[in-house]
Protein chains: 2
Amino acid sequence: MVRPVETFLKYLDSKHLKLTRERKAVLEEVFFHPGHLEAEELTHTLRSKKSRVSRATIYRTLELLVDSGIVRKIDLGHGHSHYEHILGHTHHDHLVCLKCGKVIEFTDKKIERLQTNICQKSRFQEISHTVQIFGYCKDCR
Amino acid sequence: MVRPVETFLKYLDSKHLKLTRERKAVLEEVFFHPGHLEAEELTHTLRSKKSRVSRATIYRTLELLVDSGIVRKIDLGHGHSHYEHILGHTHHDHLVCLKCGKVIEFTDKKIERLQTNICQKSRFQEISHTVQIFGYCKDCR
DNA sequence: GATATAATTGAGACTGAATCTCATTCTCAA
DNA sequence: TTGAGAATGAGATTCAGTCTCAATTATATC
Ligand SMILES: [Mn+2]
Ligand SMILES: [Mn+2]
Ligand SMILES: [Zn+2]
Ligand SMILES: [Zn+2]
């Protein structure tokens, strides 16, 4: 079992940052939300619960969560960012339905290996990658 | 030899749209520019030449060029779109250097095939895809 | 527990890309 | 040549995301 709060705390300590009520609220919401969430949505969800966290702090905290490796920022082609927790989850990429917006996750070790090969050929040091396939899902095609 | 103007004309006709001086200027500039260009850059380049085309028309025309399959809109993680001509060019994907911004193009038939397989498994109809690898190029690592 | 210090927060101003509005101008088929 | 519909440009608008700064809070030390 992975403990996101402890991971975050460790990260914060290493940067001499503090674990505030607001940061804890964002972390918990992001971590226990199952899918791909957006900042605006997060603002509303938190407001409807006990916590009231400003937009500025939401964005600031999401950045910290990305830096600490707990969360990944992704672009699903909606004109704004989405976030998903990755701590304790295996890496995956996305099929994105252009009609209903559904996102299907997939993992393909062979593709990953071929990407590594490509980087080696160009002596390129990979930090991250995205494989996004846009189209129509089986219900929308 | 591919003739972008004719392709564009055919597309415009099919939609009952007109080939204006402005649209021709944007098409030519995009098509003869070798790399990945941004809308703002295009505005300036055209202004420094004979043609003066408004921002609104630049964006409107780029959309038409994308629709007609002449140009591809890509996201290199800069917070705004880039465009590259694809008519007469083979499909490729990108390595993006996070330090110097260099973009290295690559083509990998095996990755493409694996992507097709993944779509089949989910009965997903692919329209487009992007494989972007972010990291540091050999000069920046 | 009190105190000091540095970090954090929120309200709202600001930015930059992209889109929209609408009065004027242009294209092209007839 | 002309008319109907399409296109343009200036500038207003939108929207996500960032920044500013005065007020607040977390934590280490006493
Ligand atoms: Mn996902
Ligand atoms: Mn390219
Ligand atoms: Zn769908
Ligand atoms: Zn580089």
Side-chain angles (χ1 to χ4, degrees), chain A residues 5-6 8-27 29-30 36-47 49-68 71-83, chain B residues 5-6 8-30 36-47 49-68 71-83 101:
Chain A
V5 182
E6 288 177 15
F8 196 33
L9 199 57
K10 199 171 160 187
Y11 169 81
L12 291 175
D13 267 355
S14 77
K15 300 265 182 179
H16 304 289
L17 303 177
K18 296 167 181 174
L19 181 62
T20 64
R21 187 175 44 74
E22 290 83 359
R23 285 176 180 163
K24 218 182 285 181
V26 172
L27 170 61
E29 191 54 39
V30 172
H36 307 97
L37 50 74
E38 33 200 271
E40 204 57 26
E41 185 188 351
L42 195 49
T43 313
H44 294 133
T45 312
L46 286 175
R47 188 167 304 157
K49 295 192 174 178
K50 62 272 165 186
S51 332
R52 202 147 304 199
V53 183
S54 73
R55 201 159 28 99
T57 297
I58 300 253
Y59 280 108
R60 288 188 281 233
T61 305
L62 284 169
E63 196 183 346
L64 295 176
L65 291 172
V66 169
D67 279 357
S68 62
V71 160
R72 178 160 71 135
K73 185 179 186 176
I74 57 177
D75 175 9
L76 299 176
H78 290 219
H80 58 265
S81 296
H82 283 73
Y83 299 84
Chain B
V5 182
E6 289 177 14
F8 196 34
L9 200 57
K10 200 170 159 186
Y11 169 80
L12 292 175
D13 266 357
S14 77
K15 300 266 183 181
H16 305 288
L17 304 177
K18 296 166 180 174
L19 181 62
T20 63
R21 188 173 45 75
E22 290 82 0
R23 285 175 181 165
K24 217 182 288 181
V26 172
L27 170 60
E28 279 175 16
E29 191 55 37
V30 171
H36 308 97
L37 49 74
E38 34 200 89
E40 204 57 28
E41 185 188 350
L42 194 48
T43 313
H44 294 133
T45 312
L46 287 175
R47 187 168 304 157
K49 296 191 174 180
K50 60 273 164 184
S51 332
R52 200 149 303 199
V53 183
S54 74
R55 202 176 56 247
T57 297
I58 300 254
Y59 279 109
R60 289 189 279 233
T61 305
L62 284 169
E63 196 183 347
L64 294 177
L65 291 172
V66 169
D67 279 356
S68 62
V71 159
R72 178 159 71 135
K73 184 178 185 175
I74 56 176
D75 175 8
L76 299 176
H78 291 218
H80 59 266
S81 297
H82 283 73
Y83 299 85

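Every value quoted in this text rests on a predicted model; they were computed, and no experiment measured them. Naming convention: chains lettered A, B, ... in sequence-line order (proteins, then strands); numbering from 1 in each chain.
B/L46 places its CG atom 11 Å from the P atom of D/dG9, with the value rounded to the nearest Å. Atom CD1 of A/I74 and atom P of D/dA16 are 17 Å apart (whole Å). Atom CG of B/L19 and atom P of C/dA29 are 11 Å apart (whole Å). Rounded to an integer number of Å, the gap from B/H44 NE2 to C/dA17 P is 10 Å. Computed from coordinates, the B/K18 NZ to C/dT25 P distance equals 16 Å when rounded to whole Å. Straight-line distance from the NZ atom of A/K73 to the C1' atom of D/dG17: 8 Å, rounded to whole Å. Between the CG atom of A/L62 and the P atom of C/dT8 there is a distance of 16 Å, rounded to whole Å. Separating the CD1 atom of A/I58 from the P atom of D/dG17 is a distance of 12 Å, rounded to the nearest angstrom.
The base of D/dG17 has none of its N or O atoms less than 3.5 Å from a complementary donor or acceptor on the side chain of A/R60. Between the side chain of A/R55 and the base of C/dG10 there is no donor-acceptor pair of N/O atoms closer than 3.5 Å.
Counting only heavy atoms from C-beta on, A/A56 has its side chain closest to C/dA11 among C/dA11, C/dT27, D/dG9. If you check C/dC28, D/dG9, C/dG10 against the side chain of B/V53, the one that comes closest is D/dG9. Nearest to the side-chain atoms of B/S81 among the listed nucleotides C/dA18, D/dC19, D/dA6 stands C/dA18. Relative to the side chain of A/R23, the nucleotides D/dG11, C/dT8, C/dG10 differ in distance, and C/dT8 lies closest.
Side-chain atoms of A/K15 and A/D67, non-hydrogen and from C-beta on, never get closer than 4.5 Å to each other. When side chains are defined from C-beta on, B/L42 counts as touching B/L62, because their heavy atoms get closer than 4.5 Å. Between B/K24 and B/E28, the closest side-chain pair of non-hydrogen atoms falls below 4.5 Å. Under the 4.5 Å side-chain criterion, counting only non-hydrogen atoms from C-beta, A/R55 is in contact with A/Y59.
Nearest-nucleotide positions on DNA chain C place B/H80 closer to the 5' end than the other of B/E22 and B/H80. Between B/A39 and B/L17, the residue anchored nearer the 5' end of DNA chain C, judged by the nucleotide with its closest heavy atom, is B/A39.
Listed pair A/T57 / C/dG10 meets the phosphate criterion, a side-chain N or O lying under 4.0 Å from OP1 or OP2. Phosphate contact (OP1/OP2 of C/dA7, side-chain N/O of A/T20, threshold under 4.0 Å): absent. Dashed line: the shortest gap from a side-chain N or O of A/Y59 to OP1 or OP2 of D/dG17 is under 4.0 Å.
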Practice task
Test side-chain contact (heavy atoms from CB on, under 4.5 Å) on A/V26 and A/L46 and set out the steps.
Solution key: CA-CA 8 Å; A/V26 172; A/L46 286 175; 3.9 Å; yes
